[in-house]
Amino acid sequence: MTDLLESFTPGLPEQAVAAAPPPARRVWRHARVATLADARGWGLIERGAIVTEDARIAWIGTEADLPALGKAAVEEHDLGGALLTPGLVDAHTHLVYGGHRAHEFELRLQGASYEDIARAGGGIRSTVAATRAASEDELFALASRRLRTLRDGGVTTVEIKSGYGLSFEDEARCLRVARRLGQTGVGVVTTSLAAHALPPEFEGRADDYIAAVCAWLPKWHSQGLVDAVDAFCERIAFSPAQVERVFETAKSLGLPVKLHAEQLSDSGGAELAARFKALSCDHIEFLSDAGVAAMRAAGTVAMLLPGAFHFLRETRLPPIAALREAGVAMAVSTDHNPGTSPTLSLPLMIHLACVDFRLTPEEAVRGATVNAARALGLADRGTLAAGQRADFALWDHEHPRELAYWFGHPACRGTVVGAT
């Protein structure tokens, strides 16, 4: 099937146009459909069909129950018995950067820790240098190839963080690239992660750098570059007090927040993020019971990143049982980045979430659809139902549990974004 694609701009209302042409109506038939529309279960529809009008789902059900569509022109697509699921949502990526860090991977295999490398000037800072050295067009070309690989694996919406520029203009360049990527056939949400690491020109002056970030954010926001704000709260990054200043600035701008929290230690970051009603807390291997309770009360999503866990050969698991018992929604994403998770396969992350983190196949698939959309504050995707955005992925599988079972197999037949 030929990929049918439409770009979108998050947060912008659809424009009403006087005397608009009739909606483009399409019928997608002959598929096994997993809607994930209810709180539990796959929502399987055997011999299913979907009717779309422009970018939205107008009807979904069995082919036998297809409504009469009148005399309006209808474009029909036979899906050949494919499994059809909501398009995957990769809700945590660092897609825009220059260079790579394969040499650091080798050092870790020889015994160096992530923190050792970072303190020696490697880690995030080495990617910052490579990113600053690349032109905007070079960054776009590199990130475009990465985004295409994600889409080929079933992804229809992706969050892209900045954080490898760490200056006003370099961060802006990365955010502009992310916005451009949103015009290439995959939905893109942009997140400012300027509070990612301390740049060399601010060495020993972390508070001054945080003050600079707080001054830059309103300018990026006024330029339409930022949908959300993130920070790295950790002993090798920024303290809870410093992150709170960033979050207060985001709050003043009406921007939602999220947090890299409790990856290497329990800093109380999750509780801080929950106070600001954060969309998600990400990594959370060292999340405490108090953090779980705070996230539950705030409705904050637990973002599980099995790629980084695997790549760093970590042994401390996120508190999956506690999160499950508390009813905290769990999302699964790639965390694509050059230092700790250089993967571009969200289906592989679904598999690792089951094998390493002990999620059920349904939990893992929901984590990359329903809950990942929630972690981005997007209520119009992640499930298949009337009124939802018509984003879906087609698979060479008989049942959605196979998304977790197979790994290393390119099983995605194609993606549809906004039903064009």
Is there a side-chain contact between [X] and [Y] (heavy atoms, below 4.5 Å)?
X      : Y      : value
Asn371 : Val89  : no
Ile57  : Leu384 : yes
Thr85  : Leu36  : no
Thr131 : Leu139 : yes

Would you find a donor on one side and an acceptor on the other, under 3.5 Å apart, between the side chain of [X] and the backbone of [Y]?
X      : Y      : answer
Thr127 : Tyr164 : no
Asn337 : His94  : no
Asp380 : Gln388 : no
Glu76  : Arg26  : no
Ser333 : Ala91  : yes
Thr249 : Arg245 : yes
Glu203 : Pro200 : no
Glu159 : Leu376 : no
Ser239 : Arg235 : no

For [X], check salt bridge (charged side-chain N to carboxylate O under 4.0 Å, His left out) against everything at least two apart and list the hits.
X      : result
Glu362 : Arg366
Asp396 : Arg413
Glu53  : Arg25
Arg358 : none

May I ask you to decide whether [X] forms a salt bridge with [Y], counting only side-chain N to carboxylate O separations under 4.0 Å?
X      : Y      : result
Asp137 : Arg173 : no
Asp227 : Arg179 : yes
Glu398 : Arg32  : no

Partner of Asp335 under side chain to side chain contact (heavy atoms under 4.5 Å, CB included), chosen from Thr343, Thr340, Asp90: Thr340
For the residue pair [X] and [Y], confirm or rule out a side-chain donor-acceptor distance under 3.5 Å.
X      : Y      : answer
Thr156 : Arg151 : no
Ser113 : Arg108 : no
Glu46  : Thr62  : no
Asp230 : Thr191 : no
Ser267 : Glu234 : no

Counting only heavy atoms from other residues, nucleotides and ligands, does the tally under 6.0 Å from [atom1] of [X] exceed 12?
X      : atom1 : value
Arg296 : CZ    : no
Arg401 : CZ    : no
Glu325 : CD    : no
Glu248 : CD    : yes

Please table the atom pairs, donor to acceptor, closer than 3.5 Å between any side-chain atom in residues 271-285 and protein atoms at least two apart or in another chain.
residue	atom	partner	partner atom	Å
Ser280	OG	Asp282	OD1	2.8
Asp282	OD2	His92	ND1	2.6

Pairs meeting criterion side chain to side chain donor-acceptor pair (under 3.5 Å) with involvement of residues 36-45, two or more places apart: none
Go through the structure and list residues passing ring pair (Phe, Tyr, Trp, His ring centres under 6.0 Å) with [X], not counting sequence neighbours.
X      : answer
Trp220 : Phe168, Trp216
Tyr405 : none
His409 : Trp406
Phe238 : none

Pair His30 + His77: ring centers closer than 6.0 Å: no
Pi-cation contact, Tyr97 with Arg146 (under 6.0 Å, within 45°): yes
Pairwise ring-ring contact (aromatic ring centres under 6.0 Å, His included) hits with a residue in residues 347-387, at least two apart: Phe309-Phe357, His351-Phe407
Parallel, tilted or perpendicular: ring planes of Phe311 versus Phe105, cut at 30 and 60 degrees: parallel
Residues forming a side chain to side chain donor-acceptor pair (under 3.5 Å) with Glu201, sequence neighbours excluded: Arg132
